[in-house]
Amino acid sequence: MGLSVAMCCNAFLLVLLVVFSSWISCGEGSVSYDSKSISINGRRKILISGSIHYPRSTPEMWPDLIQKAKEGGVDVIQTYVFWNGHEPEPGKYYFEGRYDLVKFIKLVQEAGLYVHLRIGPYACAEWNFGGFPVWLKYVPGISFRTDNGPFKAAMQKFTTKIVNMMKSEKLYETQGGPIILSQIENEYGPMEYELGEPGRAYTEWAAKMAVDLGTGVPWVMCKQDDAPDPIINTCNGFYCDYFSPNKAYKPKMWTEAWTGWFTEFGGPVPYRPVEDLAFSVAKFIQKGGSYINYYMYHGGTNFGRTAGGPFIATSYDYDAPLDEYGLLRQPKWGHLKDLHRAIKLCEPALVSADPTVTSLGNNQEAHVFKSKSGACAAFLANYDQHSFAKVSFGNMHYNLPPWSISILPDCKNTVYNTARIGAQSAQMKMTPVSKGFSWESYNEETASHDDNSFTMVGLVEQINTTRDNTDYLWYTTDVKIDPSEGFMRGGKWPVLTVLSAGHALHVFINGQLSGTAYGSLEDPRLTFSEGVNLKAGVNQIALLSIAVGLPNVGPHFETWKAGVLGPVSLSGLNEGKRDLTWQKWSYKVGLRGESLSLHSLSGSSSVEWVEGTYVSERQPLTWYKTTFNAPEGDEPLALDMNSMSKGQVWINGQSIGRYWNQYKASGDCVPCNYAGWFNEKKCLGNCGEASQRWYHVPRSWLYPTGNLLVVFEEWGGNPYEISLVKREVASVCADIFEWQPTLVNWQMLASGEVNKPLRPKAHLSCASGQKISSIKFASFGTPEGVCGDFRQGSCHAFHSYDVFERYCVGQQSCTVPVTPEIFGGDPCPNIMKKLFVEAVCS
Ligand code: GAL
């Protein structure tokens with residue numbers, strides 16, 4: 001009896017639930033979770049997400065970036081909210097331009113994607129001060145990211161402001177909007193561990209504060225093992241398959257799958273092979289993961305002074321699937337797109353069953369998901385870093401490349417292998433479109449005096465003094481040299497020693513640049529210690545101390561100091577060493593050119609510039625300006641700054657960021673194999689070159705004619721070699737095995753045709769607006785090399801070129817089946833052949 005009542009109630013509940021869910025599915029939705037996944041409107045989902053930070057591109061770029069993410073198989077766009085961009089002064093908010101958060105979210109919604117909003121408000125993100133406004137540091141009694149009243153009040157105020165804004169714009173999924181998830185704090189676990197009890201109290205408070213805001217969608221805390229219920233703790237890293245959430249009823253989520261790594265000035269440019277990235281994602285999914293976010297999907301640019309660190313480069317390219325300029329990075333984008341398709345084919349099985357794991361060999365495993373309704377998906381993994389593995393699975397044999405996972409959405413057919421790239425690769429080029437600008441110059445004064453100047457005994461801390469309104473702080477003092485000094489009669493110059501907490505320093509003696517010193521991301525401190533040319537009488541020592549972005553990570557990074565804290569001394573005098581630390585110093589915040597706003601149209605016309613032969617070249621502290629017309633076309637643009645040393649650039653008054661071409665990338669750029677554990681030091685480029693040569697100039701910042709380009713050079717460079725370049729696809733390549741055992745063949749799978757060896761097809765496609773103009777290389781046989789540098793091997797089908805010339809030249813894209821017949825017959829029977837082709841785009 002009792003049982004039937006329960007059954008009847010259950011049935012009634014079920015009806016109610018159906019009615020209710022059909023009601024909520026039209027418009028407002030619901031977001032919930034269980035051990036398997038996030039559910040939207042009651043449906044469990046495997047979600048692919050990608051980070052795009054809105055201020056790291058322009059509103060004009062957003063629709064295209066979002067569209068390309070969607071085409072790449074992304075369901076969710078994840079972004080931090082950048083507090084310092086939104087509240088530049090206490091209580092004064094800014095949500096325009098690149099900071100138009102609502103517009104960004106609505107564009108994501110229009111594209112039919114979801115949003116994961118990481119409100120933080122601490123971001124980290126290699127962003128200046130980790131996203132905190134600098135004024136926050138000066139709130140009386142404040143201590144960041146701990147159980148501290150003033151901090152919690154400020155954090156709550158800003159978080160509430162953002163949540164209310166989202167609510168009033170109806171942007172939460174429960175209101176019919178795209179936001180399905182939020183994040184409070186960021187990687188607080190390690191910090192909490194260091195702080196102990198106040199850290200734990202702060203975590204509890206932050207979690208409750210967030211949940212009480214009633215967004216209707218789940219919150220996550222990343223890298224926070226003790227995230228209080230109902231908050232989901234999530235994983236960040238290069239691999240996250242080992243991770244389990246802190247409760248059995250929470251889904252396994254990966255909020256930051258690092259697609260590459262950031263570049264620092266002075267460091268090489270890191271990259272991550274897509275085979276390893278795809279392997280790590282497949283490994284996460286096969287272990288029951290259901291949400292993965294690529295950090296970054298589009299990294300973009302640290303415009304202005306938004307880069308953190310210190311020493312973070314202006315480019316935040318991150319080796320992401322969309323490059324800094326918003327172009328497809330191939331084969332990364334395409335190989336991940338294929339991966340996402342393969343995962344989605346497995347979705348019915350993935351969301352309804354737990355995997356059964358069986359061993360297929362010493363270093364090989366099968367993860368099989370079988371649902372009650374008959375869906376079956378299998379992941380066959382070979383963890384061996386060096387060898388292929390032949391494995392048997394369900395009466396069939398599979399050949400697995402080293403360090404790879406094959407995906408079988410029907411438990412029979414391999415549609416994807418993480419180490420077998422079907423997508424085309426592309427070579428990019430930077431083509432000069434304007435150079436030989438006619439420059440005018442203006443000399444910045446060494447340590448001028450104005451309203452921002454003051455004098456005092458001793459040395460000051462830089463950030464407390466500038467409040468980070470500028471990178472620059474002048475420290476100036478006088479040194480009297482007696483004519484009787486020994487060094488004046490042919491001895492060695494006295495040595496000036498300056499200890500600075502960072503980040504860079506130019507030393508001027510009597511107005512002349514005497515030397516430079518700088519730190520690095522690892523250790524921002526520096527010591528200048530060089531002989532200086534002093535004359536008898538009064539000498540001016542002017543130290544230009546430069547901050548290169550504020551720290552964004554580390555325990556109480558808000559307390560880290562910058563600038564010349566001393567001691568400062570002069571040695572090699574008759575008296576021995578003279579301590580200058582405690583004498584009278586004059587200070588000037590910022591440059592004269594900054595207070596005159598020389599970067600802007602109005603400011604730049606307020607002073608006399610010199611032209612023609614009078615233009616200073618290779619002179620420190622020089623402002624340059626010129627005008628130029630926007631090049632035709634819509635390819636992304638950049639400035640090639642390789643002839644310059646260090647400074648900042650503006651276009652039409654907007655800062656494109658700091659440049660530092662003089663800081664060469666030191667590191668070991670040895671060839672890197674995708675197989676084996678990856679870390680950010682494994683695969684590096686640019687060693688010995690500038691860490692960053694090109695600086696993105698957003699198209700939308702340009703007028704058709706008369707664009708004002710202003711450069712401030714601190715150190716000395718040749719502006720006549722600066723050029724504006726466009727970025728475009730130079731060529732595209734395919735690199736395919738004749739029998740791709742692991743080929744993506746969706747049609748065949750759909751038609752139920754199974755177990756047949758699959759013949760691959762070569763797909764080549766230039767960017768829109770381009771055509772394939774010639775075939776640079778084609779060989780069906782045993783070719784060698786990498787895209788851009790292919791070579792014929794001992795076996796080569798003589799008609800290799802003909803076919804591509806016929807099918808592809810003159811087309812924007814083409815598809816050629818890889819069969820011996822099409823290339824005029826088999827050039828070397830019984831040998832496994834490959835096709836390599838490179839097509840030039842123009
Ligand atoms: C993570 C952090 C991100 C970013 C990343 C490195 O630990 O959460 O904000 O800083 O490291 O790019």
Side-chain angles (χ1 to χ4, degrees), residues 441-450 452-456 458-460 462 465-466 470-481 487 493-519 526-548 562-573 578-581 583-596 598 616-624 644-648 658 660 662-663 711-717:
S441 72
Y442 174 83
N443 294 342
E444 173 69 33
E445 290 164 41
T446 19
S448 60
H449 292 271
D450 63 11
N452 295 329
S453 316
F454 62 95
T455 298
M456 58 178 273
L459 298 163
V460 299
Q462 181 155 348
T465 312
T466 62
T470 166
D471 282 1
Y472 303 103
L473 177 63
W474 283 104
Y475 294 70
T476 311
T477 196
D478 287 341
V479 171
K480 229 178 172 172
I481 296 294
F487 78 86
W493 284 349
V495 172
L496 176 70
T497 302
V498 181
L499 265 70
S500 162
H503 309 140
L505 185 76
H506 299 301
V507 175
F508 295 85
I509 306 291
N510 299 321
Q512 295 297 309
L513 179 63
S514 178
T516 291
Y518 43 88
L526 61 98
T527 302
F528 174 90
S529 193
E530 283 177 30
V532 288
N533 186 2
L534 299 175
K535 58 175 201 252
V538 177
N539 293 267
Q540 186 200 50
I541 297 184
L543 309 175
L544 180 58
S545 178
I546 306 150
V548 195
V564 180
L565 301 180
V568 179
S569 65
L570 204 53
S571 55
L573 301 175
R578 193 186 299 177
D579 188 5
L580 309 181
T581 313
Q583 55 179 46
K584 206 160 85 182
W585 288 84
S586 306
Y587 294 93
K588 178 172 152 49
V589 174
L591 305 171
R592 184 169 152 75
E594 286 181 305
S595 44
L596 292 169
L598 289 190
S616 309
E617 266 183 75
R618 308 207 174 278
Q619 287 301 310
L621 301 185
T622 309
W623 292 83
Y624 295 101
M644 305 300 282
S645 298
K646 180 182 187 308
Q648 290 179 44
R658 303 184 180 101
W660 196 344
Q662 186 61 36
Y663 211 158
V711 175
F712 174 65
E713 170 60 48
E714 296 168 11
W715 205 344

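Values in this document were obtained by computation on a predicted structure and should not be read as measured data.
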S.K.: Answer with yes or no after comparing the ring centroid distance for Tyr472 and Phe712 against a 6.0 Å cut-off, counting only values under it.
M.R.: yes
S.K.: Indicate yes or no: at least one non-hydrogen side-chain atom of Ser586 is less than 4.5 angstrom from one of Thr477.
M.R.: no
S.K.: Would you check if Phe487 and Leu573 make a side-chain contact, meaning some heavy-atom pair closer than 4.5 Å?
M.R.: yes
S.K.: Would you kindly check if the NZ (Lys) or CZ (Arg) of Lys588 is within the cone defined by 45 degrees around the ring axis of Trp474 and under 6.0 Å from the six-membered ring centre?
M.R.: no
S.K.: Answer yes when Arg592 and Glu444 have at least one side-chain N-carboxylate O distance shorter than 4.0 Å, and no when they do not.
M.R.: no
S.K.: Are any of the side-chain heavy atoms of Thr476 and Leu543 separated by less than 4.5 Å?
M.R.: no
S.K.: Measure across Thr527 and Leu499 and return the closest heavy-atom pair with its distance rounded to 0.1 Å.
M.R.: CG2-CD1, 3.7 Å
S.K.: Describe, in one word, how the ring planes of Tyr663 and Trp660 are oriented to each other, choosing from parallel (under 30°), tilted (30 to 60°) and perpendicular (over 60°).
M.R.: tilted
S.K.: For the residue pair Arg658 and Asp471, what are the closest heavy atoms and their distance?
M.R.: NE-OD2, 2.7 Å
S.K.: State which residues pass salt bridge (charged side-chain N to carboxylate O under 4.0 Å, His left out) with Glu713; sequence neighbours excluded, sorted by chain then number.
M.R.: none
S.K.: Please name the pair of heavy atoms, one in Trp585 and one in Gly458, separated by the smallest distance, quoted to 0.1 Å.
M.R.: CD1-O, 3.5 Å
S.K.: Please state whether the rings of Tyr475 and Tyr587 are parallel, tilted or perpendicular, taking 30° and 60° as the class boundaries.
M.R.: perpendicular
S.K.: Is it the case that the side chains of Asn533 and Ser514 hold a donor-acceptor pair, with the cut-off being a distance below 3.5 Å and no angle test?
M.R.: no
